[in-house]
Amino acid sequence: MEKLFPRIFSLLLTLFLFPHLLHSQGCSSRQPPRPLIFTPHNRADSDPQQVHISLVGRDHIRVSWITEAKHTQSIVEYGKAPGAYNSLATGEHTSYTYFFYSSGEIHHVKIGPLEPSTTYFYRCGGSGPEFSFRTPTQEFPIEFAVVGDLGQTEWTASTLAHVESKDYDVFLLPGDLSYADTQQPLWDSFGRLVEPYASRRPWMVTEGNHEIEIFPILHPHGFTSYNARWLMPYEESGSDSNLYYSFEVAGTHIIMLGSYAEFDKKSSQYKWLVADLAKIDRNKTPWVVVLLHAPWYNTNTAHQGEGDSMRKAMEELLYNARVDVVFAGHVHAYERFTRVYNNKENECGPVYVTVGDGGNREGLALTFKSPPSPLSLFREASFGHGRLRILNQTHAHWSWHRNNDSNSVVADQIWLESLSSFKACWNLNDEL
């Protein structure tokens with residue numbers, strides 16, 4: 001109880017000082033959200049909690065977890081059979097403070113090399129429960145679950161249950177994870193809520209506006225909690241920031257952009273993106289997918305124009321590279337556009353999809369602009385998740401699953417053809 005009191009006090013003090021955090025931000029009409037789920041800590045202080053994994057390079061996995069105890073080992077024991085750990089890796093640990101809150105010890109350990117499509121059993125820190133994960137395939141087909149603006153409500157639990165009801169290889173999240181919004185104990189609760197899923201399949205995430213957590217003068221530097229807890233393979237992709245990076249898996253090059261990092265032509269992110277796109281070999285990775293938080297195309301009345309500056313700075317880069325699909329969050333609804341470039345239909349541009357409907361505490365953005373834009377082919381304000389199943393070098397299937405009902409329902413689906421196989425889009429005389 002003595003150890004619990006400082007965290008409860010931190011939460012209550014934050015609510016007292018910043019009561020606006022309890023309320024929805026934005027003026028759009030929203031469906032009432034379901035209650036928050038606060039997931040308590042019920043293990044020993046030295047045992048791992050909030051376990052999640054992420055991809056690092058072609059054949060490595062990073063295991064991340066938190067312990068309340070400050071002097072536990074940053075080690076992972078692992079093997080191919082339950083309880084039979086024939087490999088051991090050592091990593092690093094960190095922690096942070098945020099006003100009156102002090103985090104537990106945050107551990108990150110990279111393990112491998114690992115075999116593809118293989119189940120591994122592992123234990124963190126030398127104690128506590130055993131976990132298991134399956135490595136992704138290195139060949140087609142491969143399936144990605146795509147969920148934005150997840151949060152930790154009863155809607156979140158519904159979304160995650162629907163995602164888990166069908167197998168997949170990698171989980172992609174385009175920003176807004178915990179909705180802690182400075183209430184640091186909610187970061188811990190979120191980590192415990194998603195652990196049963198994020199410890200079994202790699203979760204690859206990028207930041208949203210709810211990860212910023214800046215207060216002028218008092219806490220001027222953003223993303224403290226996010227960067228400490230959700231370390232992504234940015235260094236391995238040549239990035240200088242955890243807010244943007246790329247990785248490759250099974251013939252797919254995936255770029256995670258930072259909507260809340262500098263993005264103009266003089267910025268580090270812009271220069272990194274130019275270099276990253278130049279390295280892509282479409283013979284090896286015929287599919288190129290981009291994730292970011294604030295959508296570049298949006299006909300919902302919520303968050304209108306918030307992605308325009310970034311689009312104007314970077315859209316031409318993605319178009320010239322023949323990016324296949326761009327996923328975004330932020331708007332709490334689902335919307336799918338045709339292939340677009342510079343606000344016009346263009347068969348060589350990306351398909352733009354907004355999936356900011358994972359289960360956030362603010363509810364849904366119910367109102368779309370009228371009349372509808374001819375560029376917007378499907379739009380609906382419902383909670384749900386998406387699945388991108390890439391079958392081979394040329395074809396993929398995208399589906400969006402509504403979870404307003406007790407069962408997940410496929411409400412939208414489309415077959416996609418990779419632009420790498422569309423010869424007309426690689427004509428050097430294209431008018432850009």
Side-chain angles (χ1 to χ4, degrees), residues 24-30 144 146-151 172-177 179 205-212 243-244 254-261 263 269 273 288-319 323-346 349-360 362-370 372-386 388 398 400 412 414 416:
S24 171
Q25 298 171 359
C27 58
S28 59
S29 176
R30 298 190 188 278
F144 301 93
V146 187
V147 184
D149 298 70
L150 191 56
L172 304 177
L173 203 168
D176 282 359
L177 284 70
Y179 281 77
V205 306
T206 190
E207 85 281 2
N209 55 300
H210 287 274
E211 276 73 67
I212 298 175
L243 303 181
Y244 48 89
I254 299 179
I255 299 172
M256 312 292 274
L257 293 180
S259 293
Y260 304 97
F263 47 72
Q269 180 173 200
L273 179 59
V288 179
V289 176
V290 170
L291 283 85
L292 47 85
H293 189 61
W296 292 359
Y297 290 95
N298 169 34
T299 70
N300 196 289
T301 57
H303 300 301
Q304 269 296 311
E306 292 185 19
D308 285 356
S309 296
M310 189 178 191
R311 180 187 66 79
K312 292 174 182 177
M314 292 183 160
E315 184 180 24
E316 186 174 349
L317 296 180
L318 302 194
Y319 177 73
V323 168
D324 293 293
V325 188
V326 177
F327 293 110
H330 200 38
V331 176
H332 300 161
Y334 172 75
E335 185 167 21
R336 175 174 58 83
F337 290 82
T338 187
R339 292 194 176 276
V340 183
Y341 173 60
N342 196 23
N343 281 300
K344 297 179 181 179
E345 183 175 359
N346 189 305
V351 171
Y352 286 85
V353 181
T354 299
V355 285
D357 55 352
N360 66 88
E362 296 177 334
L364 291 165
L366 297 174
T367 307
F368 288 91
K369 296 168 68 175
S370 184
S373 166
L375 300 177
S376 178
L377 302 183
F378 190 100
R379 53 192 193 168
E380 180 176 318
S382 297
F383 289 108
H385 76 278
L388 178 65
W398 165 255
W400 176 67
D412 182 40
I414 184 177
L416 300 172

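When reading the values below, keep in mind they use all heavy atoms of this one structure, side chains included, and skip hydrogens, waters and symmetry mates.
- The backbone N or O of Gly151 lies less than 3.5 Å from no partner atom in the side chain of Asn360, so there is not a single donor-acceptor pair.
- Judged by distance alone, with hydrogens and angles left aside, the side-chain atoms of Tyr297 form a donor-acceptor pair with the main-chain N or O of Asn343 at under 3.5 Å.
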Practice prompt. Check the pair Tyr352 / Asn298 against side-chain hydrogen bond (donor to acceptor under 3.5 Å, both in side chains), numbers first and verdict last.
Written response: CA-CA 9 Å; Tyr352 286 85; Asn298 169 34; over 6 Å; no
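- Distance alone, capped at 3.5 Å, is enough to place a donor-acceptor pair between the Arg339 side chain and the Gly349 backbone.
- Counting only residues at least two apart or on different chains, the salt bridge (Lys or Arg N to Asp or Glu O under 4.0 Å) pairs with a member in residues 324-333 are Arg282-Asp324.
- At distances below 3.5 Å, at least one donor-acceptor pair connects side-chain atoms of Glu315 with backbone N or O atoms of Asn342.
- Taking OG1 from Thr354 and CG from Asn300, the interatomic distance works out to 8.5 Å, rounded to the nearest 0.5 Å.
- Residues Phe327 and Phe144 fail the side-chain proximity criterion, which asks for heavy atoms closer than 4.5 Å.
- Using modelled atom types, one side-chain atom of Asp149 and one backbone atom of His330 make a donor-acceptor pair closer than 3.5 Å.
- Under the 3.5 Å distance criterion, the side-chain polar atoms of Gln304 are left unmatched by any main-chain donor or acceptor of Thr301.
- Two residues are said to be in side-chain contact when any heavy atoms from C-beta on lie closer than 4.5 Å; Thr206 and Leu292 fail this criterion.
- Heavy atoms only, all atoms of each residue included: Ala302 and Val331 are closest at O-CG2, 3.7 Å.
- Trp400 is linked by a ring pair (Phe, Tyr, Trp, His ring centres under 6.0 Å) to Tyr334, counting only residues two or more places apart in sequence or in another chain.
- With sequence neighbours left out, Ala261 forms a side-chain contact (heavy atoms from CB on, under 4.5 Å) with Leu243, Tyr244, Gln269.
- Using cut-offs of 30° and 60° on the angle between ring planes, the pair His293 and Tyr260 is tilted.
- With rounding to the nearest 0.5 angstrom, the CG atom of Leu173 is 13.0 Å from the NE2 atom of His385.
- Thr299 places no side-chain N or O within donor-acceptor distance of the main-chain N or O of Phe368, the cut-off being under 3.5 Å.
- Remark: side-chain polar atoms of Glu345 are not paired, donor with acceptor, to backbone N or O of Thr338 under 3.5 angstrom.
- Of the possible donor and acceptor atoms, none in the side chain of Glu335 sits under 3.5 Å from a partner among the backbone N and O of Ser376.
- Nearest heavy atom pair, residue Glu207 against residue Glu211, reads C-OE1, 3.7 Å.
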